[in-house]
Amino acid sequence: MSEKWRFPRAESLPTYAFVAMDAVKKRVSSSGVDLIDLGLGNPDRPTPSPIVQRLHEAADVGNNHRYHPGRGLLALRQGICSWYQRRYGTAFDPEREAIVTMGAKEGISHLCLAILERGDVAVVPDPCYPIHQGAPLIAGASAVGYAVREGLAPAQAVSDAIARAARDGGRAKLVIANYPHNPTGQVISQQALGELVRMVRDSGAMLLHDAAYADLDFERRHAPSIFDCGLPAEEVKQFAVEVFSMSKSYNMAGWRIAFMVGNERMVAALAHLKTYMDYGTFMPIQHAAAWALDNGDGLVDEIRALYQTRASALVAGLSAAGWGQVPEPSGTMFVWAKLPDKLAALSAVEAATRLVEEAHVALAPGTGFGPEGEGYLRFALIEDPPRIDEACGRLRRFLSA
Ligand SMILES: Cc1ncc(COP(=O)(O)O)c(C=O)c1O
């Protein structure tokens, strides 16, 4: 093919956070090394068997093998609305205000494609889960980052970014937020979330809140929702949507199922785009997800406890390894750690590369999540304590060598 053809959309996207480390990991693993890979936040445990059982049952029904156009199985959308009602005391109309997506990533990307265009400005967290920056870029909009940092009030950080965009001649059309936050593991209080939501409302922008880790708030169990943060939910529905994923709460990452609720026009725009793009998630998966939302609270409690135990084990192990001060996360499945003194002069990518090559431990470099991630590495809590201890032992030997 002629080299003259440019692929501007693909070429404008930076290399995906986790792909950047693949070559070095492959090189080290192919030499026979047993690499401990704590890079990608890919849940290691299987989906709880009662959920898998529902999938089997629904897969045996031939009618479930057909296309299923629309916003997702009505029974699942009703289950989503009951889940919100039970948990956050908020009512949604399953016909107009809820949509099933093929994972949160798909929902976020296609929502941005549906509502943003060239010249629009989205205000996104920095560091962030990469699609929060990538989705506006894919849609042709620009992304202005706001820092997510301990001690910095989220509403203030967003307000500063909106002001910065305005100084550059842009008006923020969409704000993306994500609490509990990947990659830093920070959670947000109901009050701070309320301040953030008010601030976005007053700015005139729309809000997309990614609540993928809503079940992984270690202290509160359930993190606050934008629809239960001190403002009337009906008011928040005027300009905001929230996305929740089945991937982390139920170890269903490979199943590709999530949902979005909130503003009717935003939901309708996503639904409209998706009529062209897909026919939704395989129906047996939707049946299993509906069962999980109705019956799975106990399963989620076990998963939350697992990540909290692993986080404590890792933080204690890093301290014993001489890594330096690493705060224990308040939620999610990640530990966000400043580079240890021995690596402090390196970039995050250089440090992560050295740890793969010399300690045989793979981590995600902070800059894969945005410029604010420079100087940090992210550990994904996807191994049990014996393996976490082994990783910390390797890091101790590396740091003391
Ligand atoms: C903040 C955040 N949102 C969404 C996702 C992905 O969700 P899904 O598997 O539903 O696409 C992740 C996965 O790591 C995440 O960290």
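Each ligand, and each atom within it, is numbered from 1 in the order the structure gives.
Both the backbone and the side chain of A104 come within 4.0 Å of ligand 1, judged by heavy-atom distances. In K248, the part holding a heavy atom less than 4.0 Å from any atom of ligand 1 is the side chain.
In terms of polar-atom proximity, S245 is counted as a contact of ligand 1, with an N or O under 3.5 Å from an N or O of the ligand. Here's the thing with N182: one of its N/O atoms is less than 3.5 angstrom from an N/O atom of ligand 1.
Distances shorter than 4.0 angstrom occur between a heavy atom of R256 and an atom of ligand 1.
Taking the ring centroids of Y67 and F282, they lie at or beyond the 6.0 Å cut-off. Aromatic rings of F92 and F227 (six-membered ring for Trp) have centroids within the 6.0 Å cut-off, being under it. Not less than 6.0 angstrom separates the ring centroid of W291 from the ring centroid of Y250.
Nearest protein heavy-atom contact of atom 6 (C) of ligand 1 is Y129 OH, 3.3 Å. The protein non-hydrogen atom at the shortest distance from atom 15 (C) of ligand 1 is Y213 OH, 3.4 Å. Nearest protein heavy-atom contact of atom 1 (C) of ligand 1 is D210 OD2, 3.3 Å.
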Please assess S225 against E242 for the test side-chain hydrogen bond (donor to acceptor under 3.5 Å, both in side chains), listing each intermediate value before the final yes or no.
-> CA-CA 8 Å; S225 158; E242 188 162 74; 2.7 Å; yes
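Atoms of ligand 1 found under 4.0 Å from any heavy atom of A212 (numbered from 1 in listed order, with element): 2 (C), 3 (N), 4 (C). Close approach of ligand 1 to K105 (heavy-atom distance below 4.0 Å) involves ligand atoms 11 (O). The contact set between ligand 1 and S247, taken as ligand atoms under 4.0 Å from a residue heavy atom, comprises 8 (P), 9 (O), 10 (O). If you number the atoms of ligand 1 from 1 as listed, the ones under 4.0 Å from a heavy atom of G103 come out as 10 (O), 11 (O). Heavy-atom contacts of N178 reach the following atoms of ligand 1: 1 (C) (cutoff under 4.0 Å).
Using cut-offs of 30° and 60° for the angle between ring planes, the H272 and Y276 rings count as perpendicular. Using cut-offs of 30° and 60° on the angle between ring planes, the pair W83 and Y88 is perpendicular.
Using modelled atom types and a 3.5 Å distance limit, the side chains of S330 and E219 yield no donor-acceptor pair.
Salt-bridge formation is not detected for the pair E383/R310: no Lys NZ or Arg NE/NH1/NH2 atom is positioned less than 4.0 Å from an Asp or Glu carboxylate oxygen. For the pair R394 and D34, the salt-bridge criterion is met [side-chain N within less than 4.0 Å of a carboxylate O].
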